[in-house]
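The block underneath contains the structure these notes are about, expressed in structure tokens.
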Amino acid sequence: MWGEKVSQDESHRAPIIGYHRAPLSQKFGAPRQPNLVALTSVIEMRAPYDTPAAFVGLEAFSHIWVSWQFHHNYLDKGNGLHKADREFRPQVRPPRLGGNQKIGVFASRSMYRPSALGLSVVKLERVEVVQGRALLIISGADMINDTPIIDIKPYVAYSDAIAQAESGFAPTAPVSSEVTITESAYAQFITLVHTGESGRGDNKPTDTEPATVEALLHKIQNQLSVSDIDAIKALIAQDPRPAYRRHELKMPFIMRYKSVDVSFQLLESGQLQISSVVAVSL
């Protein structure tokens, strides 16, 4: 029965080989599927898995499979129980069906699954070796910051892409919302970009100068640039609000992106409008 101690041949313990480093540190705002938003992020490998020799040949592939862990699914904070350790729930309410209709957990990509494992195809931008360590620069991930990585494999188009596949209740990509930003919010954003530039000092990494691992990760996780406004708009265009709250007009929602909290709301026109961008303490 569920909850009984599992024998060794009924379970498998996998090592964490790395961590995903990304601009999004919270679940709210993260794309619900991979490749909906071309957001750049990094897989930082742990020793000994960060040896460059382990990635020889990988750059010949444009995409990779990433196995990872849903690490934010802890509900019982007092005793540290994971969702997978609780009573098994066979059905979930996927956002794609409005958050009201139930389907089987194994007919969904819900984060609340017995194994707490995720699987994503992402674009491999490049393998970068910094200070003797291999880091994978990727885009299109649906993982948040500090997600544990379990395995990496190359995506092989002739066998992994099935042209005739049927996609059940999700046959097409979700429709993106139109996103606007107020003049005051844009001014706040630009001010924060310039503040960050002035505070980096003479040791800031450049496009032509190799960075330390710490500097590269800081750039991905915290450092704002002007182009980030496009990424922020693309994330909000996916409408991360709960399905049952998508009718609420002028109700502010907050998405944390890198070092800022971005407030947005639904207008009567149907647009999602960014109303403020405020720095947060990291």
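Model, not experiment: these values are computed from the prediction.
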Linking I/L/V/M/F/W/Y whenever any side-chain heavy atoms sit under 4.5 Å apart, do [X] and [Y] land together?
X: L58; Y: I17; value: yes
X: Y49; Y: V129; value: no
X: M45; Y: Y19; value: no
X: I254; Y: F28; value: no
X: I138; Y: I16; value: no

For a 4.5 angstrom cut-off between non-hydrogen side-chain atoms, does [X] reach [Y]?
X: F264; Y: S275; value: no
X: R256; Y: V280; value: yes
X: I137; Y: I220; value: no

Residues 32-41, side-chain donor-acceptor partners within the protein, below 3.5 Å, at least two apart:
{"from": "R32", "atom 1": "NH1", "to": "D239", "atom 2": "O", "distance (Å)": "3.2"}
{"from": "R32", "atom 1": "NH2", "to": "P240", "atom 2": "O", "distance (Å)": "3.2"}
{"from": "R32", "atom 1": "NH2", "to": "R241", "atom 2": "O", "distance (Å)": "3.4"}
{"from": "Q33", "atom 1": "OE1", "to": "R109", "atom 2": "NH1", "distance (Å)": "3.0"}
{"from": "N35", "atom 1": "ND2", "to": "V121", "atom 2": "O", "distance (Å)": "2.8"}
{"from": "S41", "atom 1": "OG", "to": "H20", "atom 2": "NE2", "distance (Å)": "2.7"}

What do the steps show when you test K123 against S62 for side-chain contact (heavy atoms from CB on, under 4.5 Å), and what is the final call?
-> CA-CA 6 Å; K123 184 178 181 181; S62 65; 5.6 Å; no

Residue pair L136, V66: steps toward the side-chain contact (heavy atoms from CB on, under 4.5 Å) verdict | CA-CA 11 Å; L136 305 187; V66 182; over 6 Å; no

Looking only at non-hydrogen atoms, find the nearest pair between S276 and Q188 and report the distance.
->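 So the minimum-distance heavy-atom pair works out to CA-OE1, 3.2 Å.
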
State, to 0.1 Å, how close L272 and S177 come at their nearest heavy-atom pair, and which atoms those are.
->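 The pair with the smallest heavy-atom distance is CD1-CB, 3.8 Å.
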
Side-chain donor-acceptor distances from residues 98-108 under 3.5 Å, at least two apart:
{"from": "S108", "atom 1": "OG", "to": "V105", "atom 2": "O", "distance (Å)": "2.9"}
{"from": "S108", "atom 1": "OG", "to": "S110", "atom 2": "N", "distance (Å)": "3.1"}

Test salt bridge (charged side-chain N to carboxylate O under 4.0 Å, His left out) applied to [X] - qualifying residues, sequence neighbours left out:
X: R93; value: none
X: R13; value: none
X: E59; value: none

I'd like to check the side-chain contact (heavy atoms from CB on, under 4.5 Å) partners of [X]; sequence neighbours left out, ordered by chain and number.
X: R245; result: P242, E248, M251, F253
X: T182; result: S184, A185, Q273
X: T172; result: R96
X: D228; result: F189, L224, S225, Y257, K258

Under the side-chain hydrogen bond (donor to acceptor under 3.5 Å, both in side chains) rule, collect the residues that match up with E128, sequence neighbours excluded.
-> R126

side-chain contact (heavy atoms from CB on, under 4.5 Å) between M255 and D261, worked out | CA-CA 6 Å; M255 180 186 75; D261 276 348; over 6 Å; no

ring-ring contact (aromatic ring centres under 6.0 Å, His included) involving Y155 - partner list, sequence neighbours excluded =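 For Y155 the ring-ring contact (aromatic ring centres under 6.0 Å, His included) partners, ignoring immediate neighbours, are W65.
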
Output a table of donor-acceptor pairs, distance under 3.5 Å, between side-chain atoms of residues 139-154 and any protein atom two or more places apart or on a different chain; print 'none' if there are none.
{"from": "S139", "atom 1": "OG", "to": "E125", "atom 2": "OE2", "distance (Å)": "2.6"}
{"from": "D142", "atom 1": "OD1", "to": "S120", "atom 2": "OG", "distance (Å)": "2.6"}
{"from": "N145", "atom 1": "OD1", "to": "A22", "atom 2": "N", "distance (Å)": "3.0"}
{"from": "N145", "atom 1": "OD1", "to": "Q221", "atom 2": "NE2", "distance (Å)": "2.8"}
{"from": "D146", "atom 1": "OD1", "to": "R21", "atom 2": "NH1", "distance (Å)": "2.4"}
{"from": "T147", "atom 1": "OG1", "to": "I144", "atom 2": "N", "distance (Å)": "3.4"}
{"from": "T147", "atom 1": "OG1", "to": "I144", "atom 2": "O", "distance (Å)": "2.8"}

CZ-OG1 distance between R133 and T212, expressed to the nearest 0.5 angstrom = 10.5 Å

